[in-house]
Amino acid sequence: MWYLGETHTRGGRCAPLSSCCLFFHRDDRFRRLWGDGSIKSMSVRVRFAPSPTGNVHIGNIRAAIFNWLFARHEGGAFLLRVEDTDLERSTDEAKATLREAMAWLKLDVDGEVMYQSQRREAHLAAAEQLKAAGAAYTLQRGKDEEAALFFQIPWTIEAYETVGPASLDVHPAVPVTISRGGIQYAVLSKKGKPVDESGCLAGFKGLRLLDSTGECLYALEPSLEAVQAGQADFTVEKVVRMEFEQRQVVFDDLVKGRMTKPLDGIKDLVILRSNGSPVFHLANVCDDAAQAITHIIRGDDHVENTFRHIALYHALGVTPPAYAHLPMIVNAQGKPYSKRDGDAYVGDFQAQGFDPEALFNYLTLLGWAPGDDREKLSRDELVAAFTLDRVRSAPSQMDLRKLAHLNGQYLAELPLETFMPAARAALAQQEWGREVDEALFRSVCALLQSRTQVYPDVATWCYFFSDELTYDPKGVRKFLQREGIGQALAALRERLADESFEAAAIEATIRAVEIEHEVPEGKLNQSIRVAVTATTIGAGLYETMELLGRERVLTRLDYAVEALCTRDE
RNA sequence: GCGCCCAUCGUCUAUCGGUUAGGACUCCAGGUUUUCAUCCUGGCAAGAGGGGUUCGACUCCCCUUGGGCGUGCCA
């Protein structure tokens, strides 16, 4: 538990968020661990917090998988929070899709599911708390509009560290403004044009504005309290240079290592829209605190948010959780999956007949590896091996062929009773596969399961169930249109007509025909295969013929001799 | 533009200063299977470029290039 000790000592300080305790008391797990209000265990609590949009993105589910794996490895809790504040998209159907995807991959959730839409009061209370503490202020955008509530990046918190003295050349034509909302100024572009910049007040500790002679036009410190309180603001003209003590926000990411971001590059953020609704940042932080999340494991598109979220935690009086940012999964072009990319949703993989365990296993291998040469790992092995320090920080792209290969290994191990229904469903996609003989189907499954990579491969089983065959032209040319083949097959047909039609007997018959017709041993097999199955690949020939049955084999041999073989005698 | 992050075979990855840079997928060749597939053996294939630090660098540092993310009263 190397990362728990120092970086994360949650002191059970959820007190400022009154509503969170309400939530906890409904959570049996919490009651068990911390029922008397004291901390007995530093149990890991992670969460998956998707927006239910009707589709679960593959990158999202990978984040869920890593969270789940981490929780199970640590013996902690894996929680689900449905961020359903977008009422238009968050339909019951979308939520059901989400739960189905998770159930399919066996991502079992601990405790009660939290629905963010029901947390509005808590979010508003948190906003109110910040406002009362002077950590938030209202600001009007337009004259006629209602004011939005901004979170003021705190002046000091323990997550800041000093970088050192900094100076910035400023465009003198654009005045520098100092207000509760931060510092606004313009720097010079390469061509000398003004480029607007702004940052929060806290980013400019010890700020001094200098003119071209080096004289100090304004110093922040004397009026700091008045500015912070919104009782004073300043506009300073002809500033050429700003000097200040640069500070940065720091956190130790469990996969990316030490992360820093200069405070002067961070802006105050809206937490309550002018219509009064809470924004993502507030809701997210608030709920993570309420669920007592200890580790946030999410996509690295959130790293920038983290710096501001940490400030929010501190302002709310809550110790921030530990963070682990996962690399993105990109498409075959190396670009992030967009909504237009097909095959990027969990449901698609399910529909395409991938085995959930195979997909689960494959997804763990994207951005993570156990460190030895194992690739096919069972759930238990994955849980045992999974640690965040082995997560890579470079993006990775999916390789469908490798997934298919892995899938094949999983399918081969499935009990026949599990394999059959799925194979049946795939077979039903084919016209000839809707109604098949049950006994034959079972036998064919038994014969071909081990060589099925993905369920749609069952389309190649056509020759067992249908007589409308499409002969592989290459196979016909290579194995049927050869001198003497027609005669040999014709002879075989005669002998098969009245001998036992069991695999071993069939094999013996074939060998005998080969000898009679002076065909090298085994060389007739592929010709027979093409004649009776129309393809060059398949299972063992003798078993295949036995399953096909005498009638079909004889008919097809007749057809091959008549229509496909070279007539050269 | 600025900020943050990333960089080993085509792809997924191993390597935590000293290796003939290993494995897997794909592809190719051979073997086993008197057939097909599996399987086995072998092969093709990588440290983006340039500077440092060091006896020694894929590994640490800097620069460049390339890519991603962020820069919303989206999440």
Side-chain angles (χ1 to χ4, degrees), chain A residues 49-51 53 83 85-86 89 116 139 141 145-150 187-191 193 195-199 248-249 253 256-257 259-262 264-267 269-281 283-284 299-308 325 327-328 330 332 334-336 362 365-376 389-390 392-406 408-409 412 447-448 450-453 479 507 510-511 514 520-529 533 535-545:
Chain A
S51 310
T53 59
E83 302 207 330
T85 49
D86 181 344
R89 291 198 297 172
Q116 193 163 63
L139 193 67
R141 185 171 48 186
E145 271 184 88
E146 293 295 310
L149 186 68
F150 280 72
V187 294
L188 285 76
S189 71
K190 278 176 190 164
K191 291 175 183 170
K193 300 236 166 111
V195 179
D196 289 338
E197 293 283 349
S198 66
Q248 60 187 10
V249 185
D253 192 280
K256 288 177 178 294
M259 305 285 283
T260 63
K261 168 125 181 154
D264 50 292
I266 298 177
K267 296 175 193 171
L269 61 145
V270 172
I271 50 176
L272 244 40
R273 298 185 187 88
S274 45
N275 69 8
S277 63
V279 304
F280 160 76
H281 303 288
N284 192 258
D300 69 6
D301 50 337
H302 280 293
V303 287
E304 297 285 333
N305 291 332
T306 305
F307 297 104
R308 299 190 292 182
H325 285 100
M328 304 265 98
V330 295
K335 302 283 180 187
Y362 179 74
L365 263 21
L366 250 33
W368 178 85
D372 47 40
D373 284 337
R374 289 134 85 210
E375 292 204 322
K376 183 169 180 292
D389 62 323
R390 292 206 59 85
R392 282 172 53 87
S393 51
S396 45
Q397 48 180 255
M398 295 197 68
D399 180 354
L400 275 334
R401 289 176 305 190
K402 186 158 181 167
L403 170 58
H405 177 84
L406 192 60
Q409 293 184 24
L447 188 64
L448 289 167
S450 67
R451 57 190 75 207
T452 304
Q453 271 203 334
F479 296 110
E507 180 178 3
I510 292 171
R511 296 289 85 83
E514 280 172 350
E521 271 192 2
K523 292 296 178 192
L524 201 53
N525 277 18
Q526 279 300 74
S527 301
I528 300 167
R529 183 185 295 282
T533 73
T535 83
T536 55
I537 55 175
L541 180 62
Y542 321 122
E543 292 80 6
T544 299
M545 291 171 75

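Throughout, a chain's letter reflects where its sequence line sits, starting with A, and its residues are numbered from 1.
With hydrogens and angles left out, the side-chain atoms of A/D399 and A/Y362 include no donor and acceptor closer than 3.5 Å. Inspection of the A/T533 and A/R529 side chains reveals no N or O donor paired with an N or O acceptor under 3.5 Å.
Evaluation of atom-type donor-acceptor distances gives a pair under 3.5 Å for the side chain of A/R451 against the base of B/C36.
Taking only side-chain nitrogens and oxygens, A/S396 comes nearer than 4.0 Å to OP1 or OP2 of B/U13. Contact annotation: A/K267 side-chain N/O to B/G70 OP1/OP2 distance is not under 4.0 Å. The phosphate of B/G68 has OP1 or OP2 within less than 4.0 Å of a side-chain N or O from A/K335. Residue A/R308 places none of its side-chain N or O atoms closer than 4.0 Å to OP1 or OP2 of B/G3.
Looking at heavy-atom distances under 4.0 Å, A/E507 makes contact with a base. Across all strands shown, A/T536 has heavy atoms under 4.0 Å from sugar-phosphate atoms exclusively, and none from any base. Residue-level contact check: A/A394 touches the backbone only, with heavy atoms under 4.0 Å from sugar-phosphate atoms and none from bases.
Between the CZ atom of A/F280 and the P atom of B/G70 there is a distance of 12 Å, given to the nearest Å. One interatomic measurement links the two molecules: NE2 of A/H325 to C1' of B/G70, which rounds to 12 Å at whole-angstrom precision. In this structure, A/E375 atom CD and B/C25 atom P are separated by 7 Å, rounded to whole Å. A/L403 places its CG atom 16 Å from the C1' atom of B/U13, with the value rounded to the nearest Å. The distance between atom CG of A/L366 and atom P of B/C6, rounded to the nearest whole Å, is 18 Å. Put simply, CG on A/L400 is 21 Å from P on B/A24, counting in whole angstrom units. Protein atom CZ of A/R529 is 16 Å distant from nucleotide atom P of B/U33, rounded to whole Å. When rounded to the nearest whole Å, the span between CG of A/D399 and C1' of B/C12 equals 7 Å.
Environment of NZ in A/K376: crowded, with over 12 heavy atoms of neighbouring residues, nucleotides or ligands closer than 6.0 Å.
Summarising the base pairing, B/A21 is matched to no nucleotide, lacking a Watson-Crick or G-U wobble pair whose two defining distances lie under 3.5 Å. The partner of B/A29 is B/U41, judged by Watson-Crick or G-U wobble contacts that both fall below 3.5 Å. When Watson-Crick and G-U wobble pairs are counted only if both distances are under 3.5 Å, B/U65 pairs with B/A7.
Separating the C1' atom of B/C9 from that of B/A48 is a span of 14 Å, rounded to the nearest Å. Atom name P, nucleotides B/U32 and B/G47: the rounded distance is 37 Å, in whole Å.
Side-chain contact between A/N284 and A/E83 is present, with heavy atoms from C-beta onward closer than 4.5 Å.
Applying side chain to side chain donor-acceptor pair (under 3.5 Å) to A/H302 and the options A/D300, A/T306, A/N305 leaves one that passes, A/N305.
The side chain of A/R273 sits closest to B/C74 out of B/U26, B/C74, B/C12.
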